[in-house]
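In what follows, a single structure is set out as structure tokens and then discussed.
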Protein chains: 2
Amino acid sequence: MNDVIDKETTGNTEAALKLDGFLPYTLNVCSNQVSQALSRIYADRYKIGVPEWRVLVTLGEFGMMTAKAIGHHSCMHKTKVSRAVALLERRKLVARRANRADLREAFLSLTPAGRDVYDELAPMALDFAEQLLSVVDPADRAALDRALKKLIDRSSQINDDIANPRGPR
Amino acid sequence: MNDVIDKETTGNTEAALKLDGFLPYTLNVCSNQVSQALSRIYADRYKIGVPEWRVLVTLGEFGMMTAKAIGHHSCMHKTKVSRAVALLERRKLVARRANRADLREAFLSLTPAGRDVYDELAPMALDFAEQLLSVVDPADRAALDRALKKLIDRSSQINDDIANPRGPR
DNA sequence: TATTGTTATACTCTATAACTATA
DNA sequence: TATAGTTATAGAGTATAACAATA
């Protein structure tokens, strides 16, 4: 009927909250769509999920590391890493070697079979990311990257503050 | 030991896949951190999750609509909308009115209590988004928005193509 | 037959804490 | 006591399909 009336009877001058254009919502939708599109590269082919994918890629990049290091690098809780590694071990894609200097931890790495999978998937994933980015104006790509990293820093900081009031020790 | 040797014995010239800086990963981490930070505004206070939050915000913006329209506007499946609405109805935050022109659907809207909740939460959510964005270089903000929307379009298209090979009818 | 919306089912995912082994 | 990692548990969330009512 009318464009402007009755948005608020309380006389607010602020911008109204709209889901469309609300950053947390846009980010979530974007992340979900992109994750789902990416997952078709590895999910159907190898029956693995995001945690396994991350372990694979992390070991593919770094060669050998502990579960703790994998978790730190890929933003995953140790239980999630543990289960992902266990699954990849069962599939003979990841192998473990005890650290004789500290028997609590173990060095994990890709087996030859795991390396084969990685070598098959990595170029496809890179290609996927490239295709995706191709729809973004080249001038906007660096800005996107900068912005996402800043947003991660800021929101992680907020979350840490809540988990640990009065500052981390 | 060495920076460059043995990255690949197969002589690849492509950039290696690194989780850090891989767009789908960055997006996922960013979205999760931001969602978690935002949820402290509504999750603890009202014991609701993302679907309920989205229904609340959608009805707050549009006033009255069907479950189907809510789902379409907030990118949620009808079962998710149905359950979120059911929960909000139990809490007396959302009311339904039959559509006499089509009895299959119903018009949903916020009750006065639901409007109160919305009026309390909306400014906090807007403030949160503003604070978040404040860490992003003003020159990058528009680029971020454009990029996210393009990425959503492109990845949704990819997903639709998979769900519906040979193009939608 | 198609559409709106609800419910049932089974499945996956997740968080938490408890636990083992080692330091 | 603290840390690396695993396992147990229970709860949340999910997808799918089946279903009822209406068109």
Side-chain angles (χ1 to χ4, degrees), chain A residues 28-29 31-33 35-36 39-40 43-44 47-55 58-59 64-90 94-109 159 162-163 169, chain B residues 28-29 31-33 35-36 39-40 42-44 46-55 58-59 64-90 94-109 159 162-163 169:
Chain A
N28 183 278
V29 171
S31 167
N32 289 343
Q33 295 286 354
S35 279
Q36 203 192 319
S39 77
R40 99 190 140 120
D44 289 334
K47 302 293 174 209
I48 57 175
V50 171
E52 291 79 18
W53 162 253
R54 287 189 185 173
V55 170
T58 302
L59 289 178
M64 174 170 282
M65 61 202 311
T66 65
K68 184 189 172 108
I70 293 174
H72 186 260
H73 183 259
S74 61
C75 281
M76 297 197 294
H77 193 266
K78 60 179 182 173
T79 60
K80 201 177 279 190
V81 175
S82 175
R83 289 186 169 109
V85 167
L87 187 148
L88 293 172
E89 258 190 299
R90 260 177 268 132
V94 163
R96 86 174 54 215
R97 215 193 65 201
N99 174 13
R100 285 204 273 176
D102 185 343
L103 290 173
R104 291 174 302 181
E105 66 186 15
F107 296 124
L108 302 163
S109 58
N159 289 325
I162 298 162
R169 211 86 333 251
Chain B
N28 184 277
V29 172
S31 168
N32 289 342
Q33 294 287 354
S35 278
Q36 204 192 317
S39 77
R40 99 191 139 119
Y42 58 76
D44 289 335
Y46 292 109
K47 302 293 173 205
I48 58 176
V50 172
E52 292 77 20
W53 162 253
R54 288 190 183 173
V55 169
T58 302
L59 289 178
M64 174 171 281
M65 61 202 312
T66 65
K68 183 190 173 103
I70 293 174
H72 185 261
H73 183 259
S74 61
C75 282
M76 296 197 294
H77 193 265
K78 61 180 182 173
T79 58
K80 200 176 280 189
V81 176
S82 175
R83 290 188 169 107
V85 167
L87 187 150
L88 293 171
E89 259 190 297
R90 260 177 267 133
V94 162
R96 83 174 56 215
R97 214 193 65 200
N99 174 14
R100 285 205 274 178
D102 184 344
L103 291 174
R104 290 174 304 182
E105 65 185 17
F107 295 124
L108 302 164
S109 58
N159 289 325
I162 298 163
R169 216 98 319 262

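In the text below, chain A, chain B and the rest are named by the order of the sequence lines, each starting its count at 1.
- With rounding to whole Å, Met76(B) atom CE is found 14 Å from dT14(D) atom C1'.
- The salt bridge (charged side-chain N to carboxylate O under 4.0 Å, His left out) analysis of residues 71-85 of chain B, with sequence neighbours excluded, yields no pairs.
- Taking 4.0 angstrom as the limit, Arg96(B) places none of its side-chain polar atoms (N or O) nearer than this to OP1 or OP2 of dT4(C).
- To the nearest angstrom, P of dC13(C) lies 17 Å from CH2 of Trp53(A).
- For the pair Asn28(A) and Arg54(B), the minimum side-chain heavy-atom distance is below 4.5 Å.
- In this structure, the CZ atom of Arg54(B) is 13 Å from the P atom of dG13(D), given to the nearest Å.
- For Thr79(B), the side chain to side chain donor-acceptor pair (under 3.5 Å) partners at least two apart in sequence or on another chain are His77(B).
- Proximity of Val50(B) to Met76(B): side-chain heavy atoms (C-beta onward) are nowhere separated by under 4.5 Å.
- Of all the residues in residues 77-89 of chain A, Lys78(A), Thr79(A), Ser82(A), Arg83(A) reach under 4.0 Å from DNA chain D with at least one non-hydrogen atom.
- For the pair Asn32(A) CG and dA15(D) P, the computed distance is 9 Å after rounding to whole Å.
- When the ring pair (Phe, Tyr, Trp, His ring centres under 6.0 Å) test is applied to Tyr46(B), no partner is found at least two apart in sequence or on another chain.
- Rounded to whole Å, atom P of dA23(D) lies 15 Å from atom NZ of Lys68(B).
- Residues satisfying the salt bridge (charged side-chain N to carboxylate O under 4.0 Å, His left out) test with Arg104(A), not counting sequence neighbours, are Asp102(A).
- To the nearest 0.5 Å, the span separating CE on Met64(B) from CZ on Arg97(B) amounts to 4.5 Å.
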Distances for protein N or O near nucleotides 20-23 of chain C N or O, under 3.5 Å:
residue, atom, partner, partner atom, Å
dT22(C), O3', Leu103(A), N, 3.4
dA23(C), OP1, Leu103(A), N, 2.9

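- Rounding to the nearest 0.5 angstrom, the gap separating the CZ atom in Arg96(A) from the CG atom in Asn99(A) is 12.5 Å.
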